[in-house]
Amino acid sequence: MRTLIKHILASTEPGDSITVKGWVRTRRDSKGFSFLELNDGSCLANLQVVVDAGTPGSEHITRLVTGASAVVEGKLVPSPAQGQKWELRASRVELIGTADAAYPLQKKGHTPEFLRTIAHLRPRSNLFGAIFRLRSRLAFAVHQFFQERDFVYVHTPIITGSDCEGAGEMFRVTSLKGNIDEKPEADFFGKKTYLTVSGQLEGEAFACALSNIYTFGPTFRAENSNTARHAAEFWMIEPEMAFCDLQGDMDLGEAFIKAMAQHALEHCGEDLALFAKFVDKGVHERLKFVVERPFVRVPYTEAIGILKQSGRQFEFPVEYGLNLQSEHERFLTEEYAKSPATVFNYPREIKPFYMRLNEDGKTVTAMDILVPGIGEVIGGAQREERLDQLLDNMKYQKLNPDDYAWYADLRRYGTVPHAGFGLGFERLLMFLTGVSNIRDVIPFARTPGNAEF
RNA sequence: UCCAGAGUAGCUCAAUGGUAGAGCGUCCGGCUGUUAACCGGAAUGUUGCAGGUUCGAGCCCUGCCUCUGGAGCCA
């Protein structure tokens, strides 16, 4: 039976007849025997295997090169040399698949840019193995966080028929050939359909029945964004809470980010250490800081005042009614707050129709959580639960109420105050790892002009 | 989409307008309980693509492509 290397390395005592299966990272030959470094992806560390000349299978030792796959049986013994606690003394080696001289991964470090061009092989590198193990672990943490709080996981549709959610450009889904706009009624769904840009509206429907829900799934934006923080396909987490206001929403967002940082520190130590070494020296301090310190909360109007009085020359103007630019967000979180910052109560005119109008008639119950280095990771709001006001908001934003009839029904029948937010999973991962390009925290990135693999 | 920078060996990078190189990797040999081992030797190029200037272009000019950083849009 196969044992994963992470379990072998965690052993407290030696063992007989252990079987490992994995890929050779490097081989060092000595007179009469060889060292193999075997990795199976279960952890960052390799297992050192000692293969004596004459061991069954060792006749193929020269083909057990970097990148080759192998099965090894042997005894786990304490290593007599420095550098590792355990080593496997092989009693049998089986070459499964060799790798020729063209195998592109060297023992030396590669740049993430180069590894991106071989996305099918990069999970075999230390860095990307670590990133994707952490991604998996954090996906688990997301579910754990919400399930422990009695949130119900809702699978919102990926194909959607509403063409005006206002969250960005959408990808068209069609089975038509030729001119796809000519007869939408002849299309597969009998109307124009798109890949979802957000599960929020559907999430609200379920929150208005199951109380607390969350979604966690792929989301698509057809925007021609060419930055290190945008992808055309990304994973979004969207909780929605019935009987909840903006305060509760901000509390949840803050608790969530803290919980994710805490989880990474507790469960991803070995991989975090690699990020600290090669990606971001301060990753541990940053995560601890986020866990320990309360986030700073600033109303939008106050944020504008802070920016104006900062004495700082900004490239973009700071004025009430204008969106905060990257440079403004960066100042607020990195220099003013020196911690994550939550900005709330934004002007009505720069936010979508579904956000709740405040008593002042000018601002809405929106909130953004900004983190140092990344900018916005959470955008959320208390939703407008008053039917009349919702319809008024649609008119204000020049939207057609017919397109949102079912959404308005949620206010027509048993409406409740409710709130939620959206969080980009990849941006969270960037924050937790220090990795600066979104293409490097998603297995196969989809960006403008790039759908390789 | 806009601004800036960069494309040279498998990778990371050198190369006054004048014969295209190094380190690593690869291959061959040696040495060693080794640790991104070490020592010696060898092979490896349409200098991103297409034009232009010049006696001569990796280098200068024009267009295109790709990548990187920043910006916008956002998560």
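In what follows, chains carry the letters A, B, and so on, assigned in the order in which the sequence lines appear, proteins first and then strands, with residues in each chain numbered from 1.
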Checklist entry - Using a heavy-atom distance cut-off of less than 4.0 Å, which residues of residues 230-239 of chain A contact RNA chain B? => result His230(A), Ala231(A), Phe234(A), Met236(A)
Nucleotide N/O to protein N/O under 3.5 Å, stretch nucleotides 24-26 of chain B:
none

Next on the checklist: Measure CD/Glu37(A) against C1'/A36(B) and give the value in whole Å, please.
Outcome noted: 10 Å
Checklist outcome for this item: Base-pair string, RNA chain B, Watson-Crick plus G-U, cut-off 3.5 Å on both distances, | for inter-strand, is (((((((..((((....[..)))).(((((.......))))).....(((((..]....))))))))))))....
Checklist outcome for this item: Of the listed C67(B), C73(B), A37(B), the closest approach to the Arg116(A) side chain comes from C67(B)
Checklist entry - Are Arg312(A) and Tyr336(A) in a cation-pi contact, defined as NZ or CZ under 6.0 Å from the six-membered ring centre and within 45° of the axis? => result no
Report, one line per pair, each donor and acceptor closer than 3.5 Å where one atom sits in a side chain of residues 94-106 of chain A; sequence neighbours left out.
residue: Glu94(A); atom: OE1; partner: Arg92(A); partner atom: NH2; Å: 3.3
residue: Thr98(A); atom: OG1; partner: Arg63(A); partner atom: O; Å: 2.8
residue: Asp100(A); atom: OD1; partner: Ala102(A); partner atom: N; Å: 2.8

Extract all donor-acceptor atom pairs below 3.5 Å that involve side chains of residues 446-453 of chain A and protein atoms in other chains or at least two apart in sequence.
residue: Arg446(A); atom: NH1; partner: Glu452(A); partner atom: O; Å: 3.1
residue: Arg446(A); atom: NH2; partner: Phe453(A); partner atom: O; Å: 2.9
residue: Asn450(A); atom: OD1; partner: Glu452(A); partner atom: N; Å: 3.3

Checklist entry - Does Arg221(A) put a side-chain nitrogen or oxygen below 4.0 Å from OP1 or OP2 of C74(B)? => result no
Quick one: which protein N/O atoms are closer than 3.5 Å to N/O atoms of nucleotides 39-41 of chain B? Pair and distance per line, please.
none

Item to check | Proximal nucleotide (of U12(B), G72(B), G69(B)) relative to the Ser326(A) side chain | outcome: G72(B)
Next on the checklist: Side chain of Arg89(A), heavy atoms from C-beta onward: which of U68(B), G72(B), G33(B) has the nearest atom to it?
Outcome noted: G33(B)
Show me, pair by pair, the donor-acceptor contacts under 3.5 angstrom made by side chains of residues 376-383 of chain A, not counting sequence neighbours?
residue: Gln382(A); atom: OE1; partner: Leu246(A); partner atom: N; Å: 3.1
residue: Arg383(A); atom: NE; partner: Glu240(A); partner atom: OE1; Å: 3.4
residue: Arg383(A); atom: NE; partner: Glu240(A); partner atom: OE2; Å: 2.9
residue: Arg383(A); atom: NH2; partner: Glu240(A); partner atom: OE1; Å: 2.9
residue: Arg383(A); atom: NH2; partner: Gly420(A); partner atom: O; Å: 3.3

Item to check | Of Glu315(A) and Asn450(A), the one whose closest RNA chain B nucleotide lies more 5' | outcome: Asn450(A)
Checklist entry - Just checking Gly109(A): base, sugar-phosphate only, or nothing, at a heavy-atom cut-off of under 4.0 Å? => result base
Next on the checklist: According to side-chain contact (heavy atoms from CB on, under 4.5 Å), who are the partners of Lys281(A), at least two apart in sequence or on a separate chain?
Outcome noted: none
Checklist entry - Under 4.0 angstrom, heavy atoms only, what part of the nucleic acid is Gln84(A) near: base, sugar-phosphate, or nothing? => result base
Item to check | Heavy-atom closest pair, residues Arg221(A) and Val197(A) | outcome: NH2-O, 2.6 Å
Checklist entry - Looking at Phe344(A), does the NZ or CZ of Arg297(A) lie under 6.0 angstrom from its six-membered ring centre and within 45 degrees of the ring axis? => result no
Item to check | Residues forming a ring-ring contact (aromatic ring centres under 6.0 Å, His included) with His418(A), sequence neighbours excluded | outcome: none
Checklist entry - If you measure from CE on Met367(A) to CD on Glu254(A), what distance do you get to the nearest 0.5 Å? => result 10.0 Å
Next on the checklist: Any residue in residues 118-149 of chain A with a heavy atom nearer than 4.0 angstrom to RNA chain B? Just list them by number, or reply none.
Outcome noted: none
Expected rows: protein N/O vs nucleotides 1-3 of chain B N/O, under 3.5 Å:
residue: U1(B); atom: OP1; partner: Asn224(A); partner atom: ND2; Å: 2.9
residue: U1(B); atom: O4; partner: Asn226(A); partner atom: N; Å: 3.4
residue: U1(B); atom: O4; partner: Asn226(A); partner atom: ND2; Å: 2.8

Next on the checklist: Can you confirm whether Lys258(A) is buried at NZ, in the sense that more than 12 heavy atoms of other residues, nucleotides or ligands lie under 6.0 Å from that atom?
Outcome noted: yes
Checklist entry - For the side chain of Gln82(A) and the base of U35(B), is some donor closer than 3.5 Å to an acceptor across the two? => result no
Checklist entry - Taking CG from Asp29(A) and C1' from A37(B), how many angstroms apart are they, rounded to a whole number? => result 11 Å
Checklist entry - Within the modelled atom types, does a donor on one side and an acceptor on the other bring the side chain of Glu327(A) and the base of G70(B) under 3.5 Å apart? => result no
Checklist entry - Counting any heavy atom closer than 4.0 Å, what does Gln48(A) reach on the DNA or RNA strands: base, sugar-phosphate only, or nothing? => result base
Checklist entry - Atom NE2 of His110(A) and atom C1' of C13(B): how far apart are they, to the nearest Å? => result 15 Å
Next on the checklist: Quick check on A71(B): is either OP1 or OP2 less than 4.0 Å from any side-chain nitrogen or oxygen of Arg229(A)?
Outcome noted: yes
Checklist entry - Can you name the ring-ring contact (aromatic ring centres under 6.0 Å, His included) partners of Phe33(A), sequence neighbours left out? => result Phe35(A)
